[in-house]
Amino acid sequence: DAGITQSPRHKVTETGTPVTLRCHQTENHRYMYWYRQDPGHGLRLIHYSYGVKDTDKGEVSDGYSVSRSKTEDFLLTLESATSSQTSVYFCAISSVGRMNTEAFFGQGTRLTVV
Amino acid sequence: KQEVTQIPAALSVPEGENLVLNCSFTDSAIYNLQWFRQDPGKGLTSLLLIQSSQREQTSGRLNASLDKSSGRSTLYIAASQPGDSATYLCAAGGSEKLVFGKGTKLTVNP
């Protein structure tokens with residue numbers, strides 16, 4: 001397994017509360033990604049990072065923010081959780097460069113907003 | 001904007017059958033095409049990566065092909081087994097990110 005750890009693996013939170021999900025890698029890969037997976041929608045990119053403090057938005061970034069202060073950690077924050085953010089969140093890494101390489105995924109975080 | 005489509009959404013076959021899963025993409029300017037497997041409640045496992053300059057990749061009973069000009073990739077599974085039951089996802093790799101199809105849920109019946 002690629003060295004990717006997501007925490008927590010499961011979380012139940014109340015509407016309006018802030019939530020932070022963590023992705024930690026031991027591979028020293030440059031690129032890190034946050035996706036959400038929902039029935040009928042598949043995997044959709046939320047935000048990604050191409051280096052320390054370098055991030056960009058994906059297709060469903062509203063209501064989410066990210067931070068990357070170290071190569072190994074990529075944090076996803078829901079500033080004020082809503083029920084529509086109930087989902088399974090996946091972190092991925094890749095050493096994307098001129099020749100894109102494989103992407104590896106974490107085991108996911110199941111988030112329920114009640 | 002890249003869009004990736006996988007047909008069929010679900011497939012049920014008897015054990016031992018050879019099968020093909022299809023993936024199409026709208027923008028042929030891809031860097032690579034990657035196939036993943038996802039078991040229920042689990043993360044994604046990378047199966048095969050085809051670089052844009054390649055036509056196919058093989059791993060065991062799996063063979064993936066890529067035709068950039070037609071915007072298509074196929075995943076061929078030989079001699080299917082019940083353990084192959086899972087959802088298979090393809091993803092088109094751009095310069096910085098992957099765009100996923102919604103997957104094909106495969107059931108192999110003993």
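Within every chain, numbering begins at 1; the chains are lettered A, B, ... in the order of the sequence lines, protein sequences first and strands thereafter.
- Open room surrounds NZ on Lys105(B); 12 or fewer heavy atoms of other groups in view lie less than 6.0 Å from it.
- A distance of 6.0 Å or more separates the ring centres of Tyr35(A) and Phe36(B).
- Annotation: maximal heavy-atom pairing with chain B below 4.5 Å, among Gly42(A), Ala103(A), Gly106(A), occurs at Ala103(A).
- In the hydrophobic clustering of this structure, Val108(B) does not group with Leu89(B); members are Ile, Leu, Val, Met, Phe, Trp, Tyr whose side-chain heavy atoms approach within less than 4.5 Å, directly or through other members.
- Heavy atoms of other residues, nucleotides or ligands lying less than 6.0 angstrom from CZ of Arg61(B) number more than 12.
- The shortest heavy-atom contact between Glu102(A) and Ser46(B) is OE2-OG, 2.5 Å.
- Residues Ile50(B) and Tyr88(B) fall within the same hydrophobic cluster, defined by Ile, Leu, Val, Met, Phe, Trp and Tyr side chains chained together at heavy-atom separations under 4.5 Å.
- With contacts defined as side-chain heavy-atom distances shorter than 4.5 Å, the pair Leu98(B)/Leu43(A) does not qualify.
- Distance alone, capped at 3.5 Å, places no donor-acceptor pair between the Glu96(B) side chain and the Tyr50(A) backbone.
- Here the CD atom belonging to Gln107(A) is positioned 9.5 Å from the CG atom belonging to Leu44(B), to the nearest 0.5 angstrom.
- Side-chain heavy atoms closer than 4.5 Å link hydrophobic residues (I, L, V, M, F, W, Y) into clusters, and following such links, possibly through other members, connects Leu19(B) to Leu75(B).
- No single ILVMFWY cluster, assembled from side-chain heavy atoms under 4.5 Å apart, contains both Tyr31(A) and Ile30(B).
- Of the listed residues (Gln37(A), Arg110(A), Arg44(A)), the one with the most heavy-atom contacts under 4.5 Å to chain B is Gln37(A).
- Only the side chain of Leu45(A) comes within less than 4.5 Å of a heavy atom of chain B; its backbone N, CA, C and O stay farther away.
- Neither Leu48(B) nor Phe105(A) shares a network with the other; the hydrophobic side chains, linked directly or stepwise wherever heavy atoms of I, L, V, M, F, W or Y lie under 4.5 Å apart, form separate groups for each.
- Between Lys42(B) and Phe90(A), the shortest heavy-atom distance links the atoms O-CZ, 3.6 Å.
- No part of Gln6(A) comes within reach of chain B, as not one of its non-hydrogen atoms sits under 4.5 angstrom from that chain.
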